[in-house]
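Step one of this worksheet: look at the structure below.
The shown structure was predicted, so the numbers you read here are calculated from the model rather than taken from an experiment. No hydrogens, no waters, no symmetry mates; every other heavy atom, side chains included, goes into these values.
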Amino acid sequence: MAPTAQLKGVIRLQQGSKVQVHGLEKRPELNGLVGECLQFDASKMRWGVQLPDGAKILLKMSNLRPVDAEISAVPAADPAPDRRP
């Protein structure tokens, strides 16, 4: 049986967070660059990121690695409510 990954924390990106670009296939030259989060575009589910050369691009969360983001503990799941009368 394959091992399963378990989330050990929640990464919170916000405007101004430093991120490293990774995993881009169509623009591999951008992988490894460190940029700054500008604004999250909820309609496209992507972060606007400003790169060191000033270029602004939209990237999926899966293509961003936080450099200085805050990591919080995963909140415990709420127990099922008691349904007895």
Side-chain heavy-atom pair [X], [Y] within 4.5 angstrom cut-off:
{"X": "L13", "Y": "P66", "answer": "yes"}
{"X": "V21", "Y": "L51", "answer": "yes"}
{"X": "L30", "Y": "N63", "answer": "no"}

Should L58 and V19 be counted in the same cluster of Ile, Leu, Val, Met, Phe, Trp and Tyr side chains packed under 4.5 Å apart?
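Shared cluster, no.
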State plainly whether one hydrophobic cluster holds both V34 and L38, where clusters connect Ile, Leu, Val, Met, Phe, Trp and Tyr through side-chain heavy atoms under 4.5 angstrom apart.
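In one cluster with V34: L38, no.
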So the ring pair (Phe, Tyr, Trp, His ring centres under 6.0 Å) pairs with at least one residue in residues 29-61 (sequence neighbours excluded) are F40-W47
Hey, could you give me each pair passing salt bridge (charged side-chain N to carboxylate O under 4.0 Å, His left out) that has a residue in residues 22-48? Not counting sequence neighbours.
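Found K18-E36, R27-E29.
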Which pairs pass salt bridge (charged side-chain N to carboxylate O under 4.0 Å, His left out) with one or both residues in residues 54-64, sequence neighbours excluded?
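Sorted pair list comes back empty.
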State the SG-CG distance between C37 and L64, to the nearest 0.5 angstrom.
6.0 Å
side-chain contact (heavy atoms from CB on, under 4.5 Å) filter on Q39, not counting sequence neighbours, yields none
Between the main-chain N or O of L33 and the side-chain N or O of Q20, is there a donor-acceptor pair closer than 3.5 Å?
no
